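Structure in structure tokens, see below.
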Amino acid sequence: MATHTNSDPATDRNANYDYVDDDVNRPDLMSDLDSLVDGDVRFDDYTRNLYATDASVYEVMPVGVVFPTSTDDVAAVVSYCADREIPVLPRGGGTSLAGQTVNEAVVLDFTRYMADVLEIDPEAKLARTQAGAVLAELNQELEPHGLKFAPDPSTANRSAIGGAVGNNTTGAHSLKYGKTDAYVEELEVVLADGTVTTLGEVTLDELRAGADADGNLEERLYAEALRIVEEEEDAVREAFPSIKRNVSGYNLNSLVEEAESGSVNLARLMVGSEGTLAVVTEATLSLEPVPETKALALLTYDSLVESMEDVGAILEHDPAAVEVLDGVLVDLARDLDEFEDVINILPDRTDTFLLVEFYAKSDEERREKVQALLDDRVGDIAFDGLEAYDEGEQQDFWKMRKASTPILLSRTTDEKHIAFVEDIAVPPEHLPEYIADFQQVFEDHDTIGSFYAHAGPGCIHVRPLVNLKTQDGVDKMESIADAATDLAVKYSGSVSGEHGDGRARTQWNKKLYGEHLWGVFRDLKTAVDPDWLLNPGQVCGDVDMTENLRFGTEYEFDAGFDPALNWENENGFQGMVELCHGCGHCRGGQETTGGVMCPTYRAADEEITSTRGRANMLRQAMSGDLSKEERYDVEFMHEVLDLCIGCKGCSKDCPSEVDLAKMKVEVANEYHDRHGSSLRDKIFANIDRLNALGSALAPVSNWAAKVPGARAVMEKTLGIAKDRSLPEFERESLVDWFDARGGAQVREGEADRSVLLFPDTYTTYNAPEAGKAAVEVLEAANVHVEIPRDVAGSGRPPYSKGFVEKARSQAQTNVEALAPKVRNGWDVVVVEPSDAVMFQPDYPDLLSGEDAATVAGNSYGVLEYVDAFRLDESLSLAGEGSLTYHGHCHQKATKKDHHTVGVLRRAGYEVDPLDSGCCGMAGSFGYEAEHFSMSKAVGRILFGQVDDSPGEEVVAPGASCRTQLGDHYAEKPPHPVRKLADALD
């Protein structure tokens, strides 16, 4: 199933973006390839920079990028490039940690057009897919059949099948399922000269019949495979480690082992070859049944080494997974609010824990397995054991294990936890000695790191803390790798148990396998790729792990301006710009990944619209990969930053918590200083004044927009989309209504709490009904409510448009007005979510000092406030019916979205909370003519979720969300506080 299902928003007549730059590399080459394929061909500077990185520490500028639509396209590109000795690199989701998906080559990105699941045969337990199909989407289609593609890498929600094949992917459950090679039955491939063929199982007689060392490339492959089987069996058996986790070098051990049965599967020889032997276009895969039920046990230890000593005994219980989290990460998790509830499950004494998962056919069986483990191991080395059978409890246990990634990747210092020896694998019985020796390597190199992940198969992830911007750091990286790979050899392990060779580990394969087998690898490569044009340098090539570093000794950063916002993280603005490590989590789909990030990527399926793409482009613009003026160029703003809708989802959903929305504000502010600002931007930044005027002139102000031709004029002169409905003004504002009713109805001295209900512009002038409902609910809960008068707008409109000083001025006015009462015990409550969040994390970004922190710490969205202080428990509520709840992206990003759901459910409603992203309106974004098509494309994802929801009525707290939903469904949904007010008895 392809990710991109809608027409491209860029084709809209008003769109001012096309995802590419005007500067093109090798235009003649681009033109030739464009004439040969139906897919897209891009050789512009933006695209090349976007594909210069992956999830590794490397950066290599490609020649250009082709997005093929078919195997014919791939064959045409490979054939053309072979004739001209131009390297070619196949690429999926770009999630490589070893750097195997960056090269100076023509990149083939399969994830756009060649991403379909072509066929599923449930009876035969087979699936056929294109190379760009995403693992999680394949499993989603297999779910109704009770089947799955078994290897389960942590990146499954954005990794492509072709990447899984190229890397011989595995995952947390490799104890049960092994690696990808066990599931590859056939591969359609394009050989280095452009020949298309299908590789699969052949008998040894068929192998001999097809072999010709001087023939075409397929015949040479047969000949070299036959030679390895007949002449190199002993060498292969002697050199290859006998472990479950080994993806280093070529898959010769599989070839030799299969030959014992009288046949070999040549497709499996391609598995793990990282695109160096052939380009995979389609894969036929065998499948596994989904386990009927699962259970978890969690064993706690006083030290990491002690936990490793227990792994062998645990494996005797036949678990599906054994995962470890060491004391370094446990301690770091204890310091993070996000993991407070989960980490508190652990006994205080816990240094390290092992998470053990069992598969079972019944509830009784899974409980027996867990109990047998606990009876056997607790009290021996493990001092305590916990168990989880409920799905929610199991997710909490896994959350602790998965905490490792965001913790390690959130550093904004120059020193970072680098992936380069993170997946050495050793036999589990050697884990205690191996870990102890590796800890000594850390000590010898005066650095630190943590140990986590796949203890069961002996593949412990290790990421040393290194500063690659210094020569000492680069030298330390190579020295640690040398010492660590010595340990791999010493303990009969592999230099890569999961993430492949690539640029990080290719140079160590000679140490692992020896000179002779290294030569065999090279002979196989030469046989099928005589000119070494397919992803050259990897697996058995000449890449050096210290070359082509993203952050190397020559790296320089120059933002070109002094940041206007407060950046509390280490290294400030620069640290945030450099934070993205490229894992590609922002490329996950709504159905498979959920969350908010990244709405425009999900609508457009363009790398430049992902958080990774934007973060990389910003860093490259500020480090010299793009021209110095590029970062403030009009085209750069249109293509890179304007399509960021400021949803803030990346600040939560990104494992590194890259805050692209905040970075955009900084750059937009500088852009305004350099280029000025449009009339439309100024209008939107001052929307509170416009709304006040519109309310004062209502209903005339509402009629004006309905005059025939008025909307067309607005689009032409101001760039406001003529097809978007405009908000209407209410003659009686919220403040007018509050005054007319006589102000507060609950006296301050008799109230349980006192609230300053901030008059945000939309609630005050456009939707006072929501404000009235808020007052009604708060007063019913015996809260004294006042609406402050000496305040400015919240600052959200100018902040979102990059007018930092105006936003700061409004924030300062509000803090000065509100802080005195807040210090005296009052709280600030806001009906509009984006304005509430403006008070909470954004004011401290604009203002320093105790007053700003005090106001921020005591500000709430209205139902967040009701829930936080359980005000609804004093109310008599009788809500009826079922609701579909779409939360606001800013509330989701700040982890406050759950409050509304809890309140509505306690009020009596059935609530279906959508795991939705941004609605696509995003404040002014959806009103802008050039962004209207993108706004609607983002919205269609939400509309599909609403249509599938069982709720009878949609509710949404965000004004923008209600507009987007109202435009689509012809009826604007209510604010959820209105439904709470309706439930009052």
Side-chain angles (χ1 to χ4, degrees), residues 1-6 9 134 136-137 140 157-158 583-615 642-655 657-661 664 800 833-834 837 884-898 900-901 912-926 931-949 951 954-969 973 976:
M1 148 188 345
T3 303
H4 182 37
T5 57
N6 297 320
V134 175
E137 294 181 358
Q140 192 173 55
N157 63 350
R158 67 267 194 197
C583 74
H585 187 72
C586 48
R587 288 171 52 101
Q590 192 72 51
E591 292 186 3
T592 56
T593 305
V596 177
M597 180 187 69
C598 181
T600 48
Y601 174 78
R602 288 171 176 173
D605 194 23
E606 290 278 354
E607 177 74 17
I608 201 169
T609 61
S610 68
T611 301
R612 177 175 74 176
R614 293 190 184 103
D642 279 355
L643 292 180
C644 166
I645 57 181
C647 68
K648 293 180 175 285
C650 49
S651 66
K652 177 181 76 73
D653 293 342
C654 167
E657 298 185 348
V658 172
D659 195 340
L660 208 287
K664 176 188 175 180
S800 66
S834 61
V837 172
T884 296
Y885 173 66
H886 165 64
H888 194 279
C889 51
H890 285 179
Q891 288 183 318
K892 292 179 179 181
T894 51
K895 304 169 188 174
K896 298 178 183 296
D897 189 51
H898 63 282
T900 296
V901 177
D912 177 27
L914 300 179
D915 184 8
S916 50
C918 182
C919 69
M921 274 297 292
S924 64
F925 183 86
H931 296 144
F932 178 74
S933 58
M934 180 67 79
S935 170
K936 297 299 284 186
V938 174
R940 280 192 287 271
I941 301 173
L942 171 60
F943 304 151
Q945 292 180 290
V946 171
D947 292 342
D948 292 339
S949 172
V954 182
V955 293
S960 293
C961 309
R962 300 200 298 274
T963 297
Q964 180 81 299
L965 289 162
D967 283 357
H968 182 74
Y969 290 106

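All values derive from a computational prediction rather than experimental measurement.
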Just to verify, what does Y969 make a ring pair (Phe, Tyr, Trp, His ring centres under 6.0 Å) with, not counting sequence neighbours?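 Ring pair (Phe, Tyr, Trp, His ring centres under 6.0 Å) check on Y969 returns F943.
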
As an exercise, state the distance from OG1 of T609 to CZ of R602, rounded to the nearest 0.5 Å.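 Nearest 0.5 Å value for the OG1-CZ distance: 11.5 Å.
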
Within this structure, what is the NE2-OG distance for the pair H886 and S916, rounded to the nearest 0.5 Å?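 So the gap between those two atoms works out to 4.5 Å.
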
Minimum heavy-atom distance D642-K664, with the two atoms named: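 Closest approach of D642 to K664: O-NZ, 3.8 Å.
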
What do the steps show when you test V837 against K648 for side-chain contact (heavy atoms from CB on, under 4.5 Å), and what is the final call? CA-CA 10 Å; V837 172; K648 293 180 175 285; 4.2 Å; yes

Any idea which heavy atoms bring V658 and A615 closest together, and the distance?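 Closest approach of V658 to A615, heavy atoms only: CG1-CB, 4.4 Å.
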
Measure across A661 and C650 and return the closest heavy-atom pair with its distance rounded to 0.1 Å.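 Where A661 meets C650 most closely, the heavy atoms are N-SG, 4.2 Å.
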
Is there a side-chain contact between M934 and I645 in this structure, where contact means two heavy atoms from C-beta onward sitting under 4.5 Å apart?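 A side-chain contact is absent here, since even the closest heavy-atom pair is not under 4.5 Å.
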
Could you give me the CA-CA distance, side-chain angles and deciding distance for Q140 and T592, then say whether side-chain contact (heavy atoms from CB on, under 4.5 Å) is met? CA-CA 8 Å; Q140 192 173 55; T592 56; 4.1 Å; yes

State the SG-CG distance between C644 and L660, to the nearest 0.5 angstrom.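 With rounding to 0.5 Å, SG (C644) is 4.5 Å from CG (L660).
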
Give, for atom NZ of K892 and atom SG of C647, the distance between the pair rounded to the nearest 0.5 Å.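 K892 NZ to C647 SG: 10.5 Å, rounded to 0.5 Å.
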
Please check this pair: side chain of Q590 against backbone of V596, looking for a donor-acceptor N/O pair closer than 3.5 Å.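 A pair under 3.5 Å: no.
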
Would you confirm whether S651, through its side chain, and D659, through its main-chain N or O, come within 3.5 Å as a donor-acceptor pair?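 The answer is no, because no donor-acceptor pair under 3.5 Å joins these two groups.
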
Could you walk me through whether H585 and R612 pass the side-chain contact (heavy atoms from CB on, under 4.5 Å) check? CA-CA 8 Å; H585 187 72; R612 177 175 74 176; over 6 Å; no

Please name the pair of heavy atoms, one in D897 and one in H888, separated by the smallest distance, quoted to 0.1 Å.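 Distance-wise, the nearest heavy atoms are OD1-N, 4.0 Å.
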
Any side-chain donor paired with an acceptor under 3.5 Å for R614 and T600?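 Short answer, yes.
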
Testing the basics here: between G920 and F925, what is the closest heavy-atom pair and its distance to 0.1 Å?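 Heavy atoms only, the tightest pair is O-CD2, 3.6 Å.
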
Grab the two heavy atoms, one from L965 and one from A956, that are nearest each other, plus how far apart they are.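 Closest approach of L965 to A956, heavy atoms only: CD1-CB, 4.2 Å.
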
Reported CG-to-SG distance for the pair D653 and C889, which is rounded to 0.5 angstrom: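 Answer rounded to 0.5 Å: 10.5 Å.
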
Spatial distance of atom CZ (R158) from atom CZ (R587) [nearest 0.5 Å]: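 One gets 10.0 Å once the value is rounded to the nearest 0.5 Å.
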
If we ignore hydrogens and angles and just use 3.5 Å, is the side chain of S949 paired with the main-chain N or O of Q945 as donor and acceptor?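 Checking the backbone N and O of Q945 against the side chain of S949, no donor-acceptor pair under 3.5 Å is found.
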
Between Q964 (side chain only) and S935 (backbone N and O only), is there a donor and an acceptor less than 3.5 Å apart?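 Looks like yes, one N/O pair under 3.5 Å.
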
Just to verify, what does D967 make a salt bridge (Lys or Arg N to Asp or Glu O under 4.0 Å) with, not counting sequence neighbours?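 Salt bridge (Lys or Arg N to Asp or Glu O under 4.0 Å) list for D967, sorted by chain: R724.
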
Would you say the side chain of Y601 lies within less than 4.5 Å of the side chain of C586, judging by non-hydrogen atoms?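 C586 vs Y601: side chains apart.
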
